[in-house]
Amino acid sequence: MNKAHYNTWEKYIDKKFLYRVVSDEYIPSIKKIGLDNNKNPFKDKKKDIFKLFKIVLNLKKRGFIMMRWWGKPVDQEIVINCTKKDLKSNYIDFTPDYKKTIDYYLKLKGGALVNTILIFTDELLVKKPQLKEDEWVLIKKLNKWSKKKNQYTNKIIKIKASSKYLEKAEFQELGKKKYSPSPFGSFENFEKKIKKNKLKYYLPFLKNKKLFYLRVKNKIHSKELSITPKNN
């Protein structure tokens with residue numbers, strides 16, 4: 001066993017947690033069955049949501065621009081393209097960066113998708129662009145749905161960074177499309193992964209100097225998860 005590698009694993013993985021923000025609406029289910037990457041809580045609404053996206057994108061073609069602030073100004077097309085990818089994926093994302101990331105998502109009551117739908121539909125109902133009657137029916141329907149979801153506060157769930165459930169996850173550097181193997185989980189997994197990608201690549205992320213997301217592609221047992229009001 002490499003003692004230096006073990007000390008690094010113990011300090012930055014075994015004694016650390018990764019975090020995820022979820023709507024309080026789903027906490028009872030998570031406590032009971034954990035997190036299931038194949039169960040999308042928005043499955044029944046996806047058809048309507050994609051219809052809304054089509055309406056909003058068609059409005060852009062007509063010169064109706066809907067801007068959002070994502071660290072920089074972005075229009076509806078960028079927001080929709082990103083949201084579509086999230087809806088089509090079966091990942092469970094975690095992050096270690098509490099201050100920069102978790103605080104932001106905690107403010108999005110009901111979740112990021114709910115807020116996207118609410119903001120889009122609110123703006124359409126206020127500005128009233130020319131649309132067909134059935135399109136307005138859909139917009140009002142989703143506005144009502146998102147307002148209801150937006151009433152739920154958010155909670156932070158955490159998982160030990162040394163959990164075996166994180167070993168097959170995909171490690172994604174912020175802003176990069178390419179994935180790397182997960183160095184999280186057991187010491188054995190850590191040693192195996194740093195041989196392939198080298199420790200010097202992972203260290204800035206493990207030390208919270210660079211942001212990453214860990215995308216888990218498997219179910220996580222409820223016993224591995226806990227609810228926490230703060231980063232501890």
Side-chain angles (χ1 to χ4, degrees), residues 20-26 29 35-95 100-154 170 172-179 211-217:
R20 176 175 176 80
V21 173
V22 297
S23 171
D24 191 45
E25 179 181 4
Y26 308 118
S29 174
L35 288 169
D36 188 341
N37 62 309
N38 289 313
K39 289 188 177 181
N40 188 330
F42 304 111
K43 182 180 178 180
D44 294 339
K45 274 286 179 289
K46 281 175 71 172
K47 187 176 180 180
D48 283 345
I49 290 170
F50 279 94
K51 284 182 180 179
L52 173 67
F53 289 167
K54 185 176 180 180
I55 292 170
V56 173
L57 289 175
N58 284 335
L59 283 171
K60 181 184 175 181
K61 292 178 182 178
R62 290 162 45 187
F64 187 93
I65 307 299
M66 305 172 77
M67 299 301 298
R68 295 282 301 278
W69 179 259
W70 279 10
K72 62 180 180 180
V74 295
D75 66 22
Q76 66 258 52
E77 186 172 2
I78 294 174
V79 174
I80 288 171
N81 287 340
C82 181
T83 307
K84 277 185 175 180
K85 288 180 182 178
D86 290 340
L87 278 169
K88 291 176 180 178
S89 73
N90 62 340
Y91 295 106
I92 302 170
D93 285 341
F94 286 90
T95 178
K100 293 181 180 178
T101 307
I102 300 300
D103 284 350
Y104 169 76
Y105 284 107
L106 276 174
K107 296 174 184 177
L108 301 178
K109 293 174 63 178
L113 175 64
V114 166
N115 278 263
T116 293
I117 302 303
L118 180 58
I119 291 170
F120 276 160
T121 54
D122 270 350
E123 184 173 348
L124 291 172
L125 290 169
V126 168
K127 295 184 177 178
K128 294 182 170 56
Q130 186 176 358
L131 295 170
K132 297 177 183 177
E133 185 58 35
D134 62 329
E135 292 175 327
W136 282 119
V137 171
L138 175 68
I139 290 164
K140 291 174 182 177
K141 176 183 175 182
L142 286 176
N143 185 256
K144 182 178 180 181
W145 171 81
S146 58
K147 281 183 176 177
K148 182 178 179 180
K149 294 283 187 183
N150 189 246
Q151 292 176 2
Y152 289 95
T153 56
N154 289 330
E170 294 184 336
Q172 184 181 38
E173 182 178 349
L174 184 65
K176 303 286 186 179
K177 293 182 179 180
K178 184 180 178 180
Y179 293 106
L211 181 61
F212 71 90
Y213 292 100
L214 196 67
R215 315 199 83 174
V216 181
K217 299 186 293 181

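Reckoned from all heavy atoms, side chains included, excluding hydrogens, waters and symmetry mates. Positions are given from 1, in the same order as the sequence printed here.
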Sorted by chain and residue number, the side-chain hydrogen bond (donor to acceptor under 3.5 Å, both in side chains) partners of E123 (sequence neighbours excluded) come out as K127

Those residues at least two apart in sequence (or on a different chain) that pass side-chain contact (heavy atoms from CB on, under 4.5 Å) with D75 are K60, I65, M67, E77, I78

Contacts of F212 meeting ring pair (Phe, Tyr, Trp, His ring centres under 6.0 Å) (sequence neighbours excluded), chain-then-number -> F171, F184

side-chain contact (heavy atoms from CB on, under 4.5 Å) filter on I119, not counting sequence neighbours, yields R68

Please tabulate, for side-chain N and O atoms in residues 42-55, each donor-acceptor pair with protein atoms closer than 3.5 Å (sequence neighbours left out).
unit_1, atom_1, unit_2, atom_2, d
K46, NZ, L87, O, 3.4
D48, OD2, K141, NZ, 2.9

Quick note, salt bridge (charged side-chain N to carboxylate O under 4.0 Å, His left out) partners involving residues 103-122, not counting sequence neighbours, are none

ask   = Has the side chain of N154 got a donor or acceptor atom that lies under 3.5 Å from a matching backbone atom of L108?
value = yes

Between the CG atom in L59 and the CZ atom in F120, the distance rounded to the nearest 0.5 Å is 10.5 Å

Hits for side-chain contact (heavy atoms from CB on, under 4.5 Å) against D93, two or more places apart or cross-chain, chain-then-number order -> R20, Y91, R215

List the atom pairs, donor and acceptor, that lie under 3.5 Å between side-chain atoms in residues 128-137 and the rest of the protein, sequence neighbours left out.
unit_1, atom_1, unit_2, atom_2, d
K128, NZ, L125, O, 2.8
E135, OE1, K132, N, 2.8

Heavy-atom closest pair (M66 atom, F64 atom, distance to 0.1 Å) is CG-CE2, 3.5 Å

Rounded to the nearest 0.5 angstrom, the OG-CG distance for S23 and L113 is 11.5 Å

Contacts of T83 meeting side-chain hydrogen bond (donor to acceptor under 3.5 Å, both in side chains) (sequence neighbours excluded), chain-then-number -> none

Across all chains, not counting sequence neighbours, the side-chain contact (heavy atoms from CB on, under 4.5 Å) partners of K144 are none

side-chain hydrogen bond (donor to acceptor under 3.5 Å, both in side chains) filter on E25, not counting sequence neighbours, yields K149

Practice problem: Say whether, by atom type as modelled, one donor and one acceptor occur between the side chain of E170 and the main chain of K217 under 3.5 angstrom. | Solution: no

Distance col, row N58:CG vs Q76:CD, nearest 0.5 angstrom, shows 10.5 Å

**Prompt:** Donor-acceptor pair, N37 side chain versus I92 backbone, under 3.5 Å?
**Reply:** no

In this structure, CG of L214 is separated from CD of Q172 (nearest 0.5 Å) by 10.0 Å

Interatomic distance, CG@N143 vs CG@L118, rounded to 0.5 Å, equals 6.0 Å

